Amino acid sequence: MTNGRGLTSQSQDFSAWYNEIVQQAELASQSPVRGCMVIRPYGYRIWELMQGALDGMFKATGHQNAYFPLFLPKSSLDREAEHVEGFAPETAVVTHAGGAQLEEPLVVRPTSEAIIWPILGDWIHSYRDLPVLLNQWANVVRWEMRTRPFLRTTEFLWQEGHTAHASETEAEEETRRMLGVYRTFMEEWMAMPVITGLKTDSERFAGALRTYACEALMKDNKGLQAGTSHNLGQNFARAFDVRYQTEEGEHVYVWSTSWGVSTRLVGGLIMTHGDDEGLILPPKLAPYEAVIIPIWRNDEQRGVVLEAASRVRADLEAAGVRVHVDVREGMNPGAKYYDWERRGVPVRLEVGPRDVEAESVMAVRRFVPQATDRKTQLPMSGAAERLRAMLVTIQDELLAAARDRRESATVRGLEDYSEFRSLMEEQGGFAYTGWCGDSGCEQKVKDDTKSTIRVIPDEEFRSEDVPVHCLCGAPSMCEVVRARAY
RNA sequence: CGGGGAGUAGCUCAGUCCGGCAGAGCACUGGCUUUGGGAGCCAGGGGCCGCGGGUUCAAAUCCCGCCUCCCCGACCA
């Protein structure tokens, strides 16, 4: 592994470090097709845990799952002008099928608005049909020029929420509600702190009125757009003629939203917590929260130790802990330690003759903050309770550490452009600055520094002393968070 | 599309300059010994040397053409 201390300044090292974790933790591998990715079982399990948590949160907010087709007629994508302009360049188009040229080309969905809205039009007639609150788990294809495992792949897995509402107010509430759901998930499950806020027009979803986003800061001090929630206004309703009849008998366009997070979150997880030894997983998203390593010197000990290990496993499973006993033969305990450390398992439980003798197990943490013991001896009876408490602590400490890291890489109140430039050039990180509101100025800063306005932060993230000047010197219209980003 | 690098065993690569039996480490298979921080020994399996053409008695190696991948840009809600 490359040296972690070099990670903030040398993006090439970080890139190599990232790719190595993806491979060595067996999260993903390359596919024969350019930019596509094979998600391996261990990596997929992490995604499944994410799916489970998110899906529960969607259900709790009244959403239902549905599934819409992979292909959309090209003419359908063309219906919303801004939408087609934004997506057409990166779509894959099927021109031949069934041994013949198709009369109308089919677009492999880059997102599903253009297939969902023609269909929802048939479902929605009356104010009584609203709101429609749908979610879809699916794959989408976006033919990006440059790809990176999990962060930007040609095909990726995601969920996309699509809702229709009777009023603008309701749609806006929904947009904000789901942004909040994402934030809760990212902080409480991924232990990845985020800044929420509004995107500028240039970064807005193609076809949306407003786009909100969750922005996280990775360990190399680059930003990651972790999730977006769009208020689509009546744009898609107009484009696909989706109207409903009000109580008063009027026919009016519905207001809609869409929101999504993807397997990119797995990449975010790696770059938020990983270290020189490999992956570090927050307990809530770890395929195994604990792995038991049995240790023995001879056959007699082997029997005793394995018996004790399976007893511990049974106790932990009964307590709802995801646990695995590593019984692989012909592998030293040390080799197993390294193996599971690379894979980010939060706690390793060593069970050897000494432990059996003492009726205890040795718990060794993967993530060890300052002034914390790496190893803790747990009594064999009651190990489950102690371990559960330890996992809760680890989850909290990971979030706290990630938040500290982000804060120490955050600069506020910067008004001097050359200072800003060298900050982006050298350290990176989040910079809170003013913005005049001009998109030309936004573009110039991007060209000069490769940094972009990540969000216009929500109130709770704003600085106490908001800058009065934009980086260009003009009066500031609002505070913005700038960073180089993935 | 521009700049740079690389294609040889599952992986990482040496060998190419200077043509002469296809190599190493890791991984894999079998056996024995091991196991509290990456095990050791022995035996074995595995190759269109990216593709096509040329030069030569002889090409992984030299020449010509093509293809692919990686990195840095351009692109990216």
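Please read all numbers here as calculations on a predicted model, not as lab measurements. Just so it is clear: chains get the letters A, B, ... in the order the sequence lines come, proteins before strands, and each one is counted from 1.
Atom CE in A:Met145 sits roughly 15 Å away from atom P in B:rC70 (whole-Å rounding). The NZ-C1' distance, from A:Lys199 to B:rC76, rounds to 12 Å in whole Å. If you measure from atom CZ of A:Phe205 to atom P of B:rC76, you get 15 Å, rounded to the nearest angstrom. Atom pair A:Gln443:CD and B:rC75:P shows a separation of 8 Å (rounding to whole Å applied). Remark: C1' of B:rC70 and OH of A:Tyr18 are 16 Å apart, rounded to the nearest angstrom. Rounded to a whole Å, the CD atom of A:Glu144 is 4 Å from the C1' atom of B:rC76.
Centroid-to-centroid, the aromatic rings of A:Phe58 and A:Trp259 come within less than 6.0 Å.
Across B:rA24 and B:rG47, the matching P atoms stand 15 Å from one another, rounded to whole Å. B:rC18 and B:rC62 have their P atoms separated by 9 Å, given to the nearest Å. Taking atom P in both B:rG73 and B:rG30, one finds a spacing of 47 Å when rounded to whole Å. Here the separation of B:rG46 from B:rC1, taken at their C1' atoms, is 41 Å to the nearest Å. Nucleotides B:rG45 and B:rG25 place their P atoms 15 Å apart, quoted to the nearest Å. Distance noted for atom P between B:rG54 and B:rA43: 44 Å (whole Å). Atom name P, nucleotides B:rG19 and B:rU61: the rounded distance is 12 Å, in whole Å. Spacing between B:rU16 and B:rC75 at atom P, rounded to whole Å, works out to 42 Å.
Across all non-hydrogen atoms, the minimal contact from A:Arg40 to A:Glu26 is CB-O, 3.5 Å. Considering every non-hydrogen atom in both A:Ala309 and A:Ile292, the closest pair reads O-CD1, 3.7 Å.
The partner of B:rA22, taking Watson-Crick or G-U wobble pairs whose two distances both stay under 3.5 Å, does not exist in any strand shown. Judged by Watson-Crick or G-U wobble contacts below 3.5 Å, the nucleotide B:rU61 has no partner. With a cut-off of 3.5 Å on both pairing distances, the Watson-Crick or G-U wobble partner of B:rC66 is B:rG50. Applying the Watson-Crick and G-U wobble criteria (two distances, each under 3.5 Å), B:rA27 pairs with nothing in any strand. Pair check for B:rC32 finds B:rG40; Watson-Crick or G-U wobble, both atom distances under 3.5 Å. Applying the Watson-Crick and G-U wobble criteria (two distances, each under 3.5 Å), B:rG2 pairs with B:rC72. A 3.5 Å limit on both hydrogen-bonding distances identifies no Watson-Crick or G-U partner for B:rG45.
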(Q) Return a single string for nucleotides 32-45 of chain B, one symbol per nucleotide in 5' to 3' order, where B is base contact, S is sugar-phosphate-only contact and - is none, cutoff 4.0 angstrom on heavy atoms. (A) ---BBBBB------
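Taking the six-membered ring for Trp and thresholds of 30 and 60 degrees, A:Trp158 and A:Phe156 have ring planes more than 60 degrees apart, a perpendicular arrangement. Classification of the A:His83-A:Phe205 ring pair by plane angle, with boundaries at 30° and 60°, yields tilted.
For A:Arg152 and A:Tyr486, the positive end is not near the middle of the six-membered ring at less than 6.0 Å and at most 45° from its axis. Geometric assessment of A:Arg406 against the ring of A:Phe430 yields a negative cation-pi assignment under the 6.0 Å and 45° thresholds. In this structure, A:Arg343 is positioned above the aromatic face of A:Tyr42, its NZ or CZ under 6.0 Å from the six-membered ring centre and within 45° of the axis. At least one cation-pi condition fails for A:Arg342 and A:Tyr338: the charged atom is not both under 6.0 angstrom from the six-membered ring centre and inside a 45 degree cone around its axis.
A 6.0 Å sphere centred on CD of A:Gln23 holds no more than 12 heavy atoms belonging to other residues, nucleotides or ligands.
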Q. Should A:Thr257 and A:Glu174 be marked as a side-chain hydrogen bond (donor to acceptor under 3.5 Å, both in side chains) after you check the CA-CA gap, both sets of side-chain angles, and the distance that decides it?
A. CA-CA 7 Å; A:Thr257 80; A:Glu174 169 77 1; 4.5 Å; no
Q: In sequence, state the C-alpha distance, the side-chain angles, and the governing distance for A:Arg148 and A:Ser15, and then conclude on side chain to side chain contact (heavy atoms under 4.5 Å, CB included).
A: CA-CA 9 Å; A:Arg148 290 162 75 76; A:Ser15 198; 3.3 Å; yes
Q: Decide yes or no on salt bridge (charged side-chain N to carboxylate O under 4.0 Å, His left out) for A:Arg311 and A:Glu307, but give the supporting numbers first.
A: CA-CA 6 Å; A:Arg311 218 166 52 226; A:Glu307 191 274 327; 2.8 Å; yes
Any protein N or O atoms within reach of nucleotides 1-11 of chain B? Criterion: under 3.5 Å, listing atom names and distances.
none

For nucleotides 28-31 of chain B, give me every protein contact, N/O to N/O, under 3.5 Å, one pair per line with atom names.
none

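Residue-to-nucleotide proximity on RNA chain B shows that, of A:Lys450 and A:Arg142, the 5′-proximal contact is made by A:Lys450.
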